[in-house]
Asker: 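One structure, as structure tokens, below. Some questions next.
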Amino acid sequence: MYDPASPCPSISTSICAAGDSAAYHRTAAFGDDIVIVAAYRTAICKAKRGGFKDTHPDDLLGFVLKAVVEKTNVDPREVGDIIVGTVLAPGSERAIECRMAAFYAGFPDTVPLRTVNRQCSSGLQAVADVAASIKAGYYEIGIAAGLECMTVNSIKGVPKVNPRVEIFQQARDCLLPMGLTSENVAQRYGLTRQDQDQAAVESHRKAAAARASGKFKDEIIPVTTKIVDPETGIQKVVTISEDDGIRPNSNLADLSRLKPAFKKDGTTTAGNSSQVSDGAGAVLLMKRSLAAQKGLPVLGVFRSFAAVGVDPAVMGIGPAVAIPAAVQAAGLELNDIDLFEINEAFASQYVYCIKKLELDPEKVNVNGGALALGHPLGATGARCVGTLLHEMKRRGKDSRFGVISMCIGSGMGAAAVFERGDCVDALCNARKVESNDLLSKDAR
């Protein structure tokens, strides 16, 4: 039996792929798989009034960076790079804060760090970038993280717009408020207000059930921080370990009373849009062979990633284009995917993507999504990795492949395919052999 901890450069893919008559057909050297050995996040809290309203962004990131190395006993000195997805803060300012967070978490000054910003997919982009760097041999261990503190940094328009946008329709559409792109999706593709409100109710229902059953405890690290009373200024030390935006009693009657938030006669409301939130997440990646050497359990395998462009006016349709691209890149078909985590930026685009791809709703966002949990922009991708892989682990053999996807402001979509960590070692692609010509005489 092949030991993934021992290198075997002389065996090629073509030799391993013995053909359809082989009892066990492996098409890749699985010791080279890029795997996730840990994925943790903070709770997600409502911006400006939730549990992290008085917590510095660098502190939030520091907590999750520390967790992924402490819980795996990985020496921080071995980490080749830390890549942090983050969106709203000024680039150089946030990059410095993230570097500070690494020091809080105990990383030496020899470990570099950079940020990445592909809007709402930034956390997932960080995972893809780390995976690609490990695959390329730049380093052996990397951390992908995501951070957003929407209490401190709110969504704003471009302060000074180039007048040239007036002669480029799609350039002008890049400046549309995200809520108006949601209205465009609903109007263009015939999504009703009830479709959207029902999606919000379901998101809260599933998230509330997941929280009540303790499912999120596998991915959330408790954070001890402070909350300041706005009236008295008195500080109180608290430990935040649960998402605070979930409304277990959410219902259609209450949601139907909300006024449209972006367009007078629209269908997008505060109730069927994602919440603005504070949160952070981190994912530890390395090659499977190295994980085996270190005795680390494999939570998941990174299989593929795709980023695509779409019409900026309906940016929310991005997942409907990105998911097929990522699935195809992994050599799979849509019906091979057991679970989907699709970011619920707006109910309109979320419902559209499910309908367009004809997905089974029972496979999508089984523990709720951003409509209930919140959407800390740069952290969402990292959050989804932990949510997906921990759920796949719980389901075991009933869940082999999972997809994470989100739409991206200015008209894009991103998606990635993951495989449950212990799947590759099982003879799950064994098939009946009609003749034993390939076996030795002693085996006949």
Asker: Taking everything shown except Gln328 itself, do over 12 heavy atoms lie less than 6.0 Å from its CD?
Answerer: no
Asker: Is there a side-chain contact between Leu359 and Phe340 (heavy atoms, below 4.5 Å)?
Answerer: yes
Asker: If we only count heavy atoms from C-beta on, is the Pro376 to Ile44 side-chain gap below 4.5 Å?
Answerer: yes
Asker: Ignoring hydrogens and angles, state whether a donor on the side chain of Ser182 or Ser348 is under 3.5 Å from an acceptor on the partner side chain.
Answerer: yes
Asker: Any salt bridge between Asp129 and Arg114, counting N to O under 4.0 Å?
Answerer: yes
Asker: Not counting sequence neighbours, list each pair that qualifies as a salt bridge (Lys or Arg N to Asp or Glu O under 4.0 Å) and has a residue in residues 198-222.
Answerer: Arg41-Glu219, Glu202-Arg205, Lys215-Glu391, Asp218-Arg394
Asker: Does atom CZ of Arg188 have more than 12 heavy-atom neighbours, drawn from other residues, nucleotides or ligands, at distances under 6.0 Å?
Answerer: yes
Asker: Any side-chain heavy-atom pair from Cys407 and Cys120 closer than 4.5 angstrom?
Answerer: no
Asker: Apply ring pair (Phe, Tyr, Trp, His ring centres under 6.0 Å) to Phe418 and list each qualifying residue two or more places apart in sequence or on a separate chain.
Answerer: Phe302
Asker: Is the backbone N or O of Gly85 less than 3.5 Å from a side-chain atom of Gln125, with the two atoms forming a donor-acceptor pair by type?
Answerer: no
Asker: Can you see which heavy atom on Ala372 is nearest to which on Ala207, and at what distance?
Answerer: CB-CB, 3.8 Å
Asker: Please check if the number of heavy atoms outside Gln198 that lie under 6.0 Å from its CD is greater than 12.
Answerer: yes
Asker: May I ask you to decide whether Arg303 forms a salt bridge with Asp33, counting only side-chain N to carboxylate O separations under 4.0 Å?
Answerer: yes
Asker: Using the test ring pair (Phe, Tyr, Trp, His ring centres under 6.0 Å), find all partners of Tyr189 that sit at least two apart in sequence or belong to another chain.
Answerer: Tyr352
Asker: Give me the atom names and distance for the closest heavy-atom approach of Ala382 to Val283.
Answerer: O-CG2, 4.2 Å
Asker: Out of curiosity, Phe52 CZ to Phe63 CZ, how far, rounded to the nearest 0.5 Å?
Answerer: 8.0 Å
Asker: Any side-chain donor-acceptor pair under 3.5 Å between Gln169 and Arg172?
Answerer: yes
Asker: Within the 4.5 Å heavy-atom criterion, are Val366 and Arg395 side-chain neighbours or not?
Answerer: yes
Asker: Look at the side chain of Ser399 and the backbone N and O of Gly396, then say whether any donor-acceptor pair between them is shorter than 3.5 Å.
Answerer: no
Asker: Around atom NZ of Lys356, are there more than 12 heavy atoms from other residues, nucleotides or ligands closer than 6.0 Å?
Answerer: no
Asker: Compare every heavy atom of Gly374 with every heavy atom of Ser277, then report the nearest pair and how far apart it is.
Answerer: OG-CA, 3.1 Å
Asker: I'd like to know if the side chain of Asn153 pairs up with that of Arg94 as donor and acceptor (distance under 3.5 Å, no hydrogens or angles considered).
Answerer: yes
Asker: Not counting sequence neighbours, which residues clear salt bridge (charged side-chain N to carboxylate O under 4.0 Å, His left out) with Arg118? List them please.
Answerer: none
Asker: Between Arg383 and Asp243 (salt bridge meaning N to carboxylate O under 4.0 Å), is one present in this structure?
Answerer: no
Asker: Is the shortest heavy-atom distance from the side chain of Glu183 to the side chain of Thr267 under 4.5 Å?
Answerer: yes
Asker: Which pair of heavy atoms, one from Ser203 and one from Glu344, lies closest together, and at what distance?
Answerer: OG-OE1, 2.7 Å
Asker: What salt bridge (Lys or Arg N to Asp or Glu O under 4.0 Å) pairs are there with at least one residue in residues 55-74, not counting sequence neighbours?
Answerer: Lys66-Glu70
Asker: Does some side-chain heavy atom of Pro319 sit less than 4.5 Å from a side-chain heavy atom of Gln349?
Answerer: yes
Asker: Shortest non-hydrogen contact from Leu296 to Thr72?
Answerer: CD2-O, 3.4 Å
Asker: Are Leu299 and Lys393 close enough that some pair of their side-chain heavy atoms sits under 4.5 Å apart?
Answerer: yes
Asker: What orientation do His390 and Tyr40 show, parallel under 30°, tilted 30 to 60°, or perpendicular over 60°?
Answerer: tilted
Asker: Are Asn184 and Asp173 close enough that some pair of their side-chain heavy atoms sits under 4.5 Å apart?
Answerer: no
Asker: I'd like to know if Lys363 pairs up with Asp338 as an ion pair, taking the criterion as any Lys NZ or Arg NE/NH1/NH2 lying under 4.0 Å from an Asp or Glu carboxylate oxygen.
Answerer: no
Asker: Identify the heavy atoms of Thr181 and Pro312 that sit nearest to each other, and give their distance.
Answerer: CG2-O, 3.7 Å
Asker: Taking only residues two or more places apart in sequence, or in another chain, which ones meet Lys355 in a salt bridge (charged side-chain N to carboxylate O under 4.0 Å, His left out)?
Answerer: Asp195
